[in-house]
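The chains referred to below are lettered A, B, ... by the order of the sequence lines, with proteins before strands, and numbering in each begins at 1.
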2 protein chains.
Amino acid sequence: MAKLQEATPIVRRPLHEEATDRLRDLIVQGRLAPGERLNERLLSVQLGLSRTPLREAIKVLATEGLVELLPNRGAIVSHMDAVRLSESLVVMGALEALAGELACINATDAQVNEIRALHYEMLAYHARGDLAGYFKFNQAIHLKIVKYSGNTMLFNAYRQLNANVRRARYMANLSRERWDAAVREHDEILAALGARDVKRIKALLSDHLAHKLASVLAALPSRQAA
Amino acid sequence: MAKLQEATPIVRRPLHEEATDRLRDLIVQGRLAPGERLNERLLSVQLGLSRTPLREAIKVLATEGLVELLPNRGAIVSHMDAVRLSESLVVMGALEALAGELACINATDAQVNEIRALHYEMLAYHARGDLAGYFKFNQAIHLKIVKYSGNTMLFNAYRQLNANVRRARYMANLSRERWDAAVREHDEILAALGARDVKRIKALLSDHLAHKLASVLAALPSRQAA
DNA sequence: TTTGGCCATTTTGCATGCAGAATACAAAAA
DNA sequence: TTTTTGTATTCTGCATGCAAAATGGCCAAA
């Protein structure tokens, strides 16, 4: 007898995992603002579960750095100051450079083409001047490069830092010049990946992240003043 | 009136944090073996608390990668296979290289001397052939370098990977030659740090971790066979 | 001996209850 | 008015209870 339903392991997703993902999204999307208190009772009602799995989710987000625990006073959405942001970008730069190297070596041609497709979609949004759409595919490309490095631990470390940085992407508020430059850099990155040029992609990604950091830092002070 | 007790904010440490640390130690020290089931009732009795804070601790350790959650079947200590181990070491190599650079720039002379002191203590254990003592100070040195990079996000990312790798250090079972070589490498690393030689320490740490990876990989197959 | 099914027990996942800490608020004192 | 103090309320941290899922054992059938 053939195994029917092979691909459908019908196991209900634990509520605490669901809560973790939903809360993470709320924070990353900025719907829960930095510094905002996480009222357990309120959130548990809003998410439709009890406080127990919610508290487990909060603890997880705290280890991810998205939330800060104040003993006996609950949790707040952690602040994303300039220091943390630039620190994260520096680390991500090193991780992406490594990921680029590994991806050059390990990614299949199909995976490279998958990234290429995302690249062209991103170009389309850039051409239209659609920043939100651009960001979405930009994110996807960087994540795919790290993913196709084939190093799971690298991917996890990167993912965690990235969640923290994504919250602040609106702070970047990048100029048209920087935007255009970033797109050109992406062109080169893709070319290096296609050519399997390990040294080149490492340098390109390193520079790309350094530029991103500079652009964010340049945009920050004005924001801090506000 | 002078504020008495200024320096004693007597806030009891939350049980779930205590539990997280204690459980992490149990796993890192190998007293809970990879693959071993975490029986909540049993552990809660052993640790002297209820299942609620213990479950929160388990969720935290799961996001740290020390524990694997099996929906509806609890949690097991995650396996440390050769793949995960070498993946982690590769990432740690990149992070340490970055940390070395930053430490050269940011560490104070006092901090460098602190590392130097650890180095000499390590040399003493090496001279005595005391591997356990050597490992302890070796660990401390690497952690301090990353810490004195001054990049908190880097430190956290490194710390997390390191917890996973430490469990497997007995697998390394390094040869006397490798041990001597590692000590010589540490000599050079310290010299580069003292000289604030950014390029050199980056290369040295990169190589040091690569050698460590090679040594671990060489020792692994025999272990896997057992 | 091995395989499969049925039932008792254990274990997990979650909701709820309760004590203590923190907070908000109002009245009294400066 | 501003500050302080006492009190009620809210909130967190943790223990416990309960339903559903998983596990283990036993026995019959292959």
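Listed by first and then second residue, the ring-ring contact (aromatic ring centres under 6.0 Å, His included) pairs involving residues 137-164 of chain B are B/Tyr125-B/Phe137, B/His142-B/His186, B/His142-B/His208 (not counting sequence neighbours). A salt bridge (Lys or Arg N to Asp or Glu O under 4.0 Å) check over residues 34-46 of chain A, counting only residues at least two apart or in different chains, returns the pairs A/Glu40-A/Arg51, A/Glu40-A/Arg55.
Residues forming a salt bridge (Lys or Arg N to Asp or Glu O under 4.0 Å) with A/Lys202 (at least two apart in sequence, or on another chain): A/Glu101. Taking B/Arg178 as the reference, B/Glu185 meet the side chain to side chain donor-acceptor pair (under 3.5 Å) condition, with sequence neighbours excluded. With sequence neighbours excluded, no residue forms a salt bridge (Lys or Arg N to Asp or Glu O under 4.0 Å) with A/Asp130. For the side chain to side chain donor-acceptor pair (under 3.5 Å) test, no residue two or more places apart in sequence or in another chain qualifies with A/Gln160. Annotation: side chain to side chain contact (heavy atoms under 4.5 Å, CB included) contacts of B/Leu49 (sequence neighbours excluded): B/Leu15, B/Ala19, B/Ser44, B/Leu47, B/Pro53, B/Leu54. Every side chain to side chain contact (heavy atoms under 4.5 Å, CB included) that A/Ser88 has, sequence neighbours left out, goes to A/Leu161, A/Val165, B/Met153.
Rounded to the nearest 0.5 Å, atoms CG (A/Asn164) and CZ (A/Arg84) are 5.5 Å apart.
Within residues 53-79 of chain A, the residues having any heavy atom under 4.0 Å from DNA chain C are, by residue number, A/Pro53, A/Asn72, A/Arg73. Remark: A/Leu15, A/His16 in residues 15-24 of chain A come within less than 4.0 Å of DNA chain C through at least one heavy atom. Listed by residue number, B/Leu38, B/Asn39, B/Glu40, B/Arg41 are the residues of residues 38-48 of chain B with a heavy-atom contact under 4.0 Å to DNA chain C.
There is a side-chain donor-acceptor pair under 3.5 Å between B/Gln139 and B/Asn162. A/Arg116 and A/Asn113 share a donor-acceptor pair across their side chains, judged by distance under 3.5 Å alone.
Comparing B/Thr52 and B/Arg37 by the nucleotide of DNA chain D that holds the closest heavy atom to each, the one mapping nearer the 5' end is B/Thr52.
A salt bridge links A/Arg24 with A/Glu64: the closest approach of a Lys/Arg side-chain nitrogen to an acidic carboxylate oxygen falls below 4.0 angstrom.
For DNA chain D, the span of nucleotides reached by chain B at under 4.0 Å from its heavy atoms goes, 5' to 3', from D/dC14 to D/dT23.
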